[in-house]
Amino acid sequence: MRVKHPSSPAGGPAVSKPRQAKAAGASRKAPAKTASARAGKGGKGGKGPAVPDAATVAEIFRRFHDANPEPKGELEYVNPYTLLVAVALSAQATDVGVNKATRPLFAIADTPEKMLALGEERLREAIKTIGLYRNKAKNVIALSRQLIERFGGEVPRSREELETLPGVGRKTANVVMNIAFGAPTIAVDTHLFRVANRIPLAPGKTPLAVELGLEKIVPEPYRRHAHHWLILHGRYVCKARKPDCGRCLINDLCRYEAKTI
């Protein structure tokens with residue numbers, strides 16, 4: 001931001017040197033962009049447009065619902081345990097890549113007991129095409145053991161208990177709670193984070209801020225599937241490099257300044 005100094009009246013006192021130095025320093029150094037601004041939060045002065053009102057939010061999710069009433073996650077699984085493993089494996093990996101590795105894996109190890117019997121070495125071999133596979137294999141074996149020792153071999157239903165398992169963070173816990181147990185949780189990945197800041201729907205500097213913001217505004221009838229709609233929208237329409245605004249079913253409600261239409 002450029003700073004202007006007021007002119008001194010004739011014969012009046014000049015601006016002090018310390019103040020000049022401070023102002024000059026301010027003019028040389030522009031404020032860094034926040035994560036929200038980088039994700040697409042525009043607006044003069046960096047403030048960005050206001051969050052949509054309740055009626056607009058409801059209309060956004062009504063359109064998502066009408067277009068896809070029962071959205072599904074793209075990870076393949078056969079029960080809550082394999083869902084938990086698949087989501088844990090998907091960190092910094094694509095769903096397509098995870099599914100390719102887990103199809104044969106889950107055919108022989110779809111319970112914590114079977115996974116322990118398989119062993120870490122064979123598990124590493126089964127998932128070696130997935131990024132960070134060594135550490136992920138270690139975590140899957142460890143969480144499988146904890147599920148048996150602490151939860152009777154069953155996947156716990158609460159976020160607090162899920163997050164005690166090795167390799168399971170808040171996003172993974174939210175996905176498992178939502179898909180396996182029907183809880184209206186919101187799992188924020190990079191796609192959802194981008195979309196929520198672009199529209200802007202629930203702008204925030206962190207995934208947790210976006211998650212809590214969405215919890216406050218998403219109408220109750222749409223809470224169960226809200227994160228699926230936003231993730232799929234970000235993955236296939238509101239893409240990072242070049243959003244396909246011509247195919248966007250909410251482009252008239254979105255206030256992203258760099259629209260492609």
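- Checked by atom type, the side-chain pair Y77/T102 shows no donor-acceptor distance below 3.5 Å.
- A donor-acceptor contact closer than 3.5 angstrom links the side chains of R194 and H191.
- Taking the six-membered ring for Trp and thresholds of 30 and 60 degrees, F61 and Y222 have nearly parallel ring planes, at less than 30 degrees apart.
- When atom types are taken as modelled, the side chain of K259 and the backbone of C245 share no donor-acceptor pair closer than 3.5 angstrom.
- Within 6.0 Å of atom NZ in K239, more than 12 heavy atoms from other residues, nucleotides or ligands are found, so the atom counts as buried in its surroundings.
- Smallest separation of non-hydrogen atoms from W229 and P71: NE1-CG, 3.5 Å.
- In terms of modelled atom types and a separation under 3.5 Å, the side chain of K136 and the main chain of A88 share no donor-acceptor contact.
- The distance from the CD atom of E74 to the NE2 atom of H228 is 9.0 Å, given to the nearest 0.5 Å.
- Closest of all the heavy-atom pairs between A173 and V168 is N-CG1, 4.1 Å.
- Between V96 and the choices V98, T94, N99, the side chain to side chain contact (heavy atoms under 4.5 Å, CB included) rule is met once, by T94.
- Using a 4.5 Å heavy-atom threshold, the side chains of L208 and V188 count as separate.
- Around atom CZ of R134, no more than 12 heavy atoms belonging to other residues, nucleotides or ligands sit under 6.0 Å away.
- Legend: residues meeting salt bridge (charged side-chain N to carboxylate O under 4.0 Å, His left out) with K114, ordered by chain and number and at least two apart, are D110.
- Put simply, V85 and F151 are part of the same group of oily side chains (I, L, V, M, F, W, Y) that touch within less than 4.5 Å, one to the next.
- In terms of hydrophobic clustering, with Ile, Leu, Val, Met, Phe, Trp and Tyr side chains grouped at heavy-atom distances under 4.5 Å, V175 and L192 are assigned to different clusters.
- A heavy-atom distance below 4.5 Å is found between the side chains of L230 and L201.
- Looking only at distances, no side-chain donor or acceptor of R198 sits under 3.5 Å from a matching main-chain atom of G234.
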Quick one: do I130 and K100 satisfy side-chain contact (heavy atoms from CB on, under 4.5 Å)? Show the steps, please.
CA-CA 9 Å; I130 300 174; K100 185 176 180 180; over 6 Å; no
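- I186 and M177 fall into different hydrophobic clusters, defined by Ile, Leu, Val, Met, Phe, Trp and Tyr side-chain heavy atoms under 4.5 Å apart, directly or through other members.
- Qualifying salt bridge (charged side-chain N to carboxylate O under 4.0 Å, His left out) partners for D252, counting only residues two or more places apart in sequence or in other chains: R63.
- Side chains of V176 and P80 form no contact here, defined as non-hydrogen atoms less than 4.5 Å apart.
- The nearest pair of heavy atoms linking V210 to A202 is CG2-O, 3.5 Å.
- A distance of 9.0 Å separates CG in L214 from CZ in R223, rounded to the nearest 0.5 Å.
- Heavy atoms only, all atoms of each residue included: I217 and V57 are closest at O-CG1, 3.5 Å.
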Full working for side-chain contact (heavy atoms from CB on, under 4.5 Å) between E76 and R103
CA-CA 8 Å; E76 297 174 5; R103 285 185 197 118; 2.8 Å; yes
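- Residue pairs meeting the salt bridge (Lys or Arg N to Asp or Glu O under 4.0 Å) criterion with at least one member in residues 144-162, sequence neighbours excluded, are R159-E211.
- Between the CG atom in L253 and the OG1 atom in T56 there is a gap of 6.0 Å [rounded to 0.5 Å].
- Annotation: the span from E121 atom CD to R124 atom CZ amounts to 6.0 Å, rounded to 0.5 Å.
- Between T111 and S144, every side-chain heavy-atom pair lies at or beyond the 4.5 Å cut-off.
- Ion pairing between a basic and an acidic side chain is recognised when a charged N comes within 4.0 Å of a carboxylate O; K128 and E125 show such pairing.
- Side chains of L249 and D66 form no contact here, defined as non-hydrogen atoms less than 4.5 Å apart.
- Residue L143 is grouped with residue I179 when hydrophobic side chains (ILVMFWY) are merged at heavy-atom distances under 4.5 angstrom, including chains of intermediate members.
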Between F64 and L232, is the side-chain contact (heavy atoms from CB on, under 4.5 Å) condition met? List the steps.
CA-CA 10 Å; F64 283 140; L232 293 172; over 6 Å; no
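- L165 CG to E163 CD: the interatomic distance, rounded to the nearest 0.5 Å, is 9.5 Å.
- Between P200 and P52, the shortest heavy-atom distance links the atoms O-CD, 2.8 Å.
- Note that NZ of K138 and CG of L132 are 12.5 Å apart. Values are rounded to the nearest 0.5 Å.
- Placement of L116 and V78 in two distinct hydrophobic clusters is found when ILVMFWY residues are connected by side-chain heavy-atom separations under 4.5 Å, directly or transitively.
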Start with the C-alpha distance between N174 and N178, add both sets of side-chain angles, then the distance that settles side-chain contact (heavy atoms from CB on, under 4.5 Å), and finish with yes or no.
CA-CA 6 Å; N174 280 342; N178 181 276; over 6 Å; no
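- Closest of all the heavy-atom pairs between P243 and C238 is CB-CA, 4.1 Å.
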